[in-house]
Amino acid sequence: TLSVYADAIARVFSASDTPSPFYRMGRSWIVNLDHVSSVNIQHATLSFESNNVKSVAMSRNSLKTLRDYMVELYGI
């Protein structure tokens with residue numbers, strides 16, 4: 001399951017001094033924040049920097065939580 005990967009990622013980054021760039025969104029997604037280019041709450045989409053990855057439709061509540069987390073983490 002996805003929780004196994006999320007736990008493994010958390011263990012690896014907890015041993016280092018750097019914050020994890022990965023963020024668990026609900027039950028279906030682990031997002032690498034280093035590759036997020038846009039969190040569009042109005043259109044309910046999450047966009048990435050790569051042209052190979054299409055935008056993903058998500059709930060507005062999930063995107064608001066992600067936005068708030070990124071603001072807190074990066075001080076945007």
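For this chain, numbers begin at 1 and follow the sequence in order. Every value quoted in this text rests on a predicted model; they were computed, and no experiment measured them. Computed over heavy atoms, backbone and side chain alike; hydrogens, waters and symmetry mates excluded.
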(request) Could you check if a side-chain atom of L33 sits within less than 4.5 angstrom of a side-chain atom of Y69, using non-hydrogen atoms only? (result)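 Heavy-atom side-chain distance check passes, below 4.5 Å.
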(message) A side-chain contact here means heavy atoms from C-beta on lying under 4.5 Å apart; do M70 and V39 qualify?
(response)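 The answer is yes; the side chains approach within 4.5 Å.
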Shared hydrophobic cluster, [X] / [Y] (ILVMFWY, side-chain heavy atoms < 4.5 Å):
{"X": "I9", "Y": "Y23", "result": "no"}
{"X": "F22", "Y": "F48", "result": "no"}
{"X": "V31", "Y": "F13", "result": "no"}

(message) The test is side-chain hydrogen bond (donor to acceptor under 3.5 Å, both in side chains); show your working for S47 and S55 and say whether it passes.
(response) CA-CA 4 Å; S47 302; S55 295; 3.0 Å; yes
If I compare all heavy atoms of [X] with all of [Y], which pair ends up nearest, and what's the gap?
{"X": "L46", "Y": "M25", "answer": "CD2-SD, 4.3 Å"}
{"X": "P19", "Y": "L73", "answer": "CB-CD1, 4.1 Å"}
{"X": "I30", "Y": "A6", "answer": "CD1-N, 3.8 Å"}
{"X": "R24", "Y": "L2", "answer": "NE-CD2, 3.7 Å"}
{"X": "P21", "Y": "D34", "answer": "CB-OD2, 3.4 Å"}
{"X": "T1", "Y": "S3", "answer": "OG1-OG, 3.0 Å"}

Nearest 0.5 Å please: distance from the [atom1] atom of [X] over to the [atom2] atom of [Y].
{"X": "D7", "Y": "S14", "atom1": "CG", "atom2": "OG", "result": "10.5 Å"}
{"X": "E49", "Y": "S38", "atom1": "CD", "atom2": "OG", "result": "11.0 Å"}
{"X": "N40", "Y": "T45", "atom1": "CG", "atom2": "OG1", "result": "4.5 Å"}
{"X": "S20", "Y": "N32", "atom1": "OG", "atom2": "CG", "result": "8.0 Å"}

(request) Determine, stepwise, if the pair T65 / S62 fulfils side-chain hydrogen bond (donor to acceptor under 3.5 Å, both in side chains). (result) CA-CA 5 Å; T65 304; S62 293; over 6 Å; no
(request) Check for a donor-acceptor pair, side chain of R60 on one end and backbone N or O of Q42 on the other, with a separation under 3.5 Å. (result)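 Checking the backbone N and O of Q42 against the side chain of R60, a donor-acceptor pair under 3.5 Å is found.
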